[in-house]
Amino acid sequence: MSYVVAAPAQVSLPVTGSAGRFPVHRIYCVGRNYAAHAQEMGGSGREAPFFFMKPADAVVPVPAGETGQVPYPTLTSDYHHEVELVVALGTGGTNIAVDDALRHVWGYAVGLDMTRRDLQSQSKKTGRPWSIAKGFDASAPIGAITAAAQVPGIARSTIALQVNGAERQKSTIADMIWSTAEIISHLSAAWELQPGDLIFTGTPAGVAAVVRGDVLEGRIDALAPLRIQIV
């Protein structure tokens, strides 16, 4: 097949213990999925999950043991970190039952939903979409994916983020308001999920601003850590 302009390269992520790569299709993100973070952002309780998206090429793939370079974005002076469990789907479907949802998961990774918080706040006040605050270039650094079979206890893992060695965020995956299986089920009612889809599952409390030169390290038990520097 020929194209009238150059076709974009396939976005992909490294896989722990493998030379193969995980191809990225779409990126779905869940808002306010930890109670304490929901409260710090003005929400409360077990509200119905809501979703936003990032473009696939917002991904910054960071191999295990390396430090990714993430540029400070334009149009903001309030650039925030949000550490999250990223779910990578190996199979898709529609109207997936909660009890069947986890069999669609290929693996897991540590991700950062980087946010232009000032632009998000402006969008909220005016009732406008969040795309400019969430879906900008390099807004989705992600570490190496670990196959689901290798991390059977992921739902009980600790999730944490340090900035320049100081702890900013810490919780457990079990503290998510909506579980991974419930998220997949909700998403599949609105979209036909596909192999290669990624799901950012929400962030714990403690989100805050970062500046150029800061080094961020996100960790989830049994997964490859994600380390980046803002440049």
Looking only at heavy atoms, what is the nearest atom pair of [X] and [Y], with distance?
X	Y	value
Gly202	Tyr34	O-CE1, 3.4 Å
Arg227	Val62	O-CG1, 3.7 Å
Pro204	Ser171	CB-CB, 3.6 Å

* **side-chain hydrogen bond (donor to acceptor under 3.5 Å, both in side chains) between Thr172 and Asp175, intermediate numbers included** => CA-CA 5 Å; Thr172 66; Asp175 287 336; 3.3 Å; yes
Could you check whether any side-chain heavy atom of [X] comes within less than 4.5 Å of a side-chain heavy atom of [Y], counting everything from C-beta outward?
X	Y	result
Arg26	Met53	yes
Ile27	Val59	yes
Ile228	Leu112	yes
Leu216	Val83	no
Ile220	Val151	no

If Ile, Leu, Val, Met, Phe, Trp and Tyr residues are connected whenever their side-chain heavy atoms lie under 4.5 Å apart, and connections chain through other members, are [X] and [Y] in the same group?
X	Y	answer
Val86	Met176	no
Phe200	Trp178	no
Ile173	Ile177	yes
Val24	Ile199	no

Do the ring planes of [X] and [Y] sit parallel (below 30°), tilted (30 to 60°) or perpendicular (above 60°)?
X	Y	answer
Phe22	Trp106	tilted
Tyr72	Tyr79	perpendicular
Phe51	Trp191	perpendicular

* Asked: Will you find, in the side chains of His81 and Gln169, an N or O donor that is under 3.5 Å from an N or O acceptor?
  ->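 Short answer, yes.
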* **Residues Ser12 and Arg21: side-chain donor-acceptor under 3.5 angstrom** => yes
* Might you work through the salt bridge (Lys or Arg N to Asp or Glu O under 4.0 Å) test for Asp113 and Lys54, ending with a clear yes or no? => CA-CA 9 Å; Asp113 168 18; Lys54 293 176 182 277; 2.8 Å; yes
